[in-house]
Amino acid sequence: MNRFEYVRPRSVAEAVAAAAVPGSAYLAAGTNLLDLMKIGVARPARLVDLNHLPGLDGIEHLPDGGAQIGARMRNADLAYDPAFRRRFPAVAEALLSGASAQLRNAATVGGNLLQRTRCAYFQDTASACNKRRPGSGCDARGGENRLHAVLGWSESCIATHPSDFCVPLVALGAVVEIEGPAGRREVPLRDFHLLPGATPERESVLAPGELVVALRLPAEAAGFAAHARYVKLRERTSYAFAVVSAAACLRLEEGRIVASRLALGGVAAKPWRAEAAEAALAGATPDAASFRRAAEIALAEARPSGDNAFKIELARRIAVRALLLAAAGTPDRLPALPASPFASVPGGFHG
Amino acid sequence: MSLSVTLTINRVPRTVQLDDPRVTLLDLLRERLDLTGTKKGCDRGQCGACTILVDGRRVNACLALAISHDGADILTVEGLSDGERLHPVQAAFIAHDAFQCGFCTPGQIMSAVGLIGEGQAGDDPERVREGMSGNLCRCGAYRGITEAVIEAARAMAETAREEAA
């Protein structure tokens, strides 16, 4: 780990001012940043510690049914907030399917958005990586890339965004609230992360010094609470990143889908909202045939970036599974293994 | 800013001067305070051997900067027993043979104390296994660990009921 200067601001304004110095990085829990500093991938000259700021660590349930979540709120605290679980069950399920209990107790909501890819070549400083060292190449192309992106990737970078939390958030139209040197602004989460293009080192729309202060879920997102699930396929039962995942949310009236939300995880450099698939579900019956058609549409643009063609069909199946589980209804209690695809599907579906 | 950190560690206030902000809570405990019960396994948040309670919550001490935790209340495995009387989780680990080599055990025990405090798993083995998935055991003592956590959870719930009565 490189040496760094440590700064402890007492207000958001002080933090933003401190982070204006080039080479600065914000420190929240540090569960991702300190890890990357230990392996030399992140080398900030200055850490601006957010842990002693007042506030920004709780949730406000808004009168209209939406919610505003402070960026310093811990993942576990959000997942276990009773009103949040009731209104946004797919988000709680996604949170509890991520990392370990220890990490969820520390890691923050804002940090979750900004976590870095788990691409092994990004993490290995001896490898070429356009994200870590622009212009150096991409050793993931032609390397071990079975878990890499199948949507939105470029010749420069085929890494994926590792977050579970962001997948239902983007499905539900979450908004990111940002403070920065130029003042306050808001960005829809769907526009927050950037696809790699020719500049994979740019991962979000945040300008230098800008700080995520809150996330907001709109009131209409709570309208899906009765039919909202997250499903995540992992290479082991627990404590693993998604190979592919899907968040599915439905509003059903008289046996028809009147509104739907679908997003995929583990497939791209950003949480992937599948709006064309959502449009195709409008007015459809909530059954396996409708869901399979929607999944085909969601993955229509997908193409392998290496030895990962299997992920395309896998993503379709996980999307169908998430939609079927959502149609069956949100369970009263989250399952023992949150987001597990091995839980039984009501109605005896085994596809 | 002076790099001094004041922590309550196992109920004792301690102030430590740091010569470097890079010190993690794990290294502070082990290298500066000779509290070596907390183990360094992977040092990257993957194995859980360094699990401690910070303000009552289980976390990985290897991924926590000490300077950032100024004012925190820390509980390590050394602070768990009441004198010679073992904590119910410690007693259950012995009763159920919940370890072989013992290296992961302090982290397992602290994680179990945290899990029981969170109150989400109860005595459902599947929820206990899921809740303990951040603690790896290379000897594969998981069966005994799960049994020990369940028994300790029941014993602690029983004690709480008796105390309430």
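Naming: A, B, ... by sequence-line order, numbering from 1 per chain. Note that the coordinates shown come from a computational prediction; the quantities given were computed from them, not determined experimentally.
- Of the charged side-chain nitrogens involved, at least one lies within less than 4.0 Å of a carboxylate oxygen, so that A:Glu203 and A:Lys131 count as a salt-bridged pair.
- Interface remark: B:Thr51 contributes side-chain atoms only to the contact with chain A (heavy atom separation under 4.5 Å).
- Contact annotation for A:Asp49: only side-chain heavy atoms (C-beta onward) come within less than 4.5 Å of a heavy atom of chain B.
- Note on A:Leu50, A:Leu96, A:Ile39, A:Leu47: by heavy-atom pairs under 4.5 Å with chain B, the leading option is A:Ile39.
- A donor atom on one side chain and an acceptor atom on the other are found under 3.5 Å apart for B:Ser111 and B:Arg58.
- The existence of a salt bridge linking A:Arg146 and A:Glu235 is confirmed by a sub-4.0 Å separation between a basic side-chain nitrogen and an acidic carboxylate oxygen.
- The existence of a salt bridge linking B:Arg143 and B:Glu147 is confirmed by a sub-4.0 Å separation between a basic side-chain nitrogen and an acidic carboxylate oxygen.
- At a 4.5 Å heavy-atom cutoff, the contact between B:Gln120 and chain A is made by backbone and side-chain atoms alike.
- B:Phe93 and B:Phe99 have parallel rings, their planes meeting at less than 30° on a 0 to 90° scale where 60° marks the start of perpendicular.
- Both the backbone and the side chain of A:Phe4 come within contact range of chain B, with heavy atoms under 4.5 Å apart.
- Looking at A:Asn2, only its backbone comes within 4.5 Å of chain B, counting heavy atoms on both sides.
- For A:Arg3, the parts lying near chain B are the backbone and the side chain together; criterion is any non-hydrogen pair under 4.5 Å.
- Contacts of A:Leu27 with chain B are made by side-chain atoms alone, with heavy-atom separations under 4.5 Å and no backbone atom involved.
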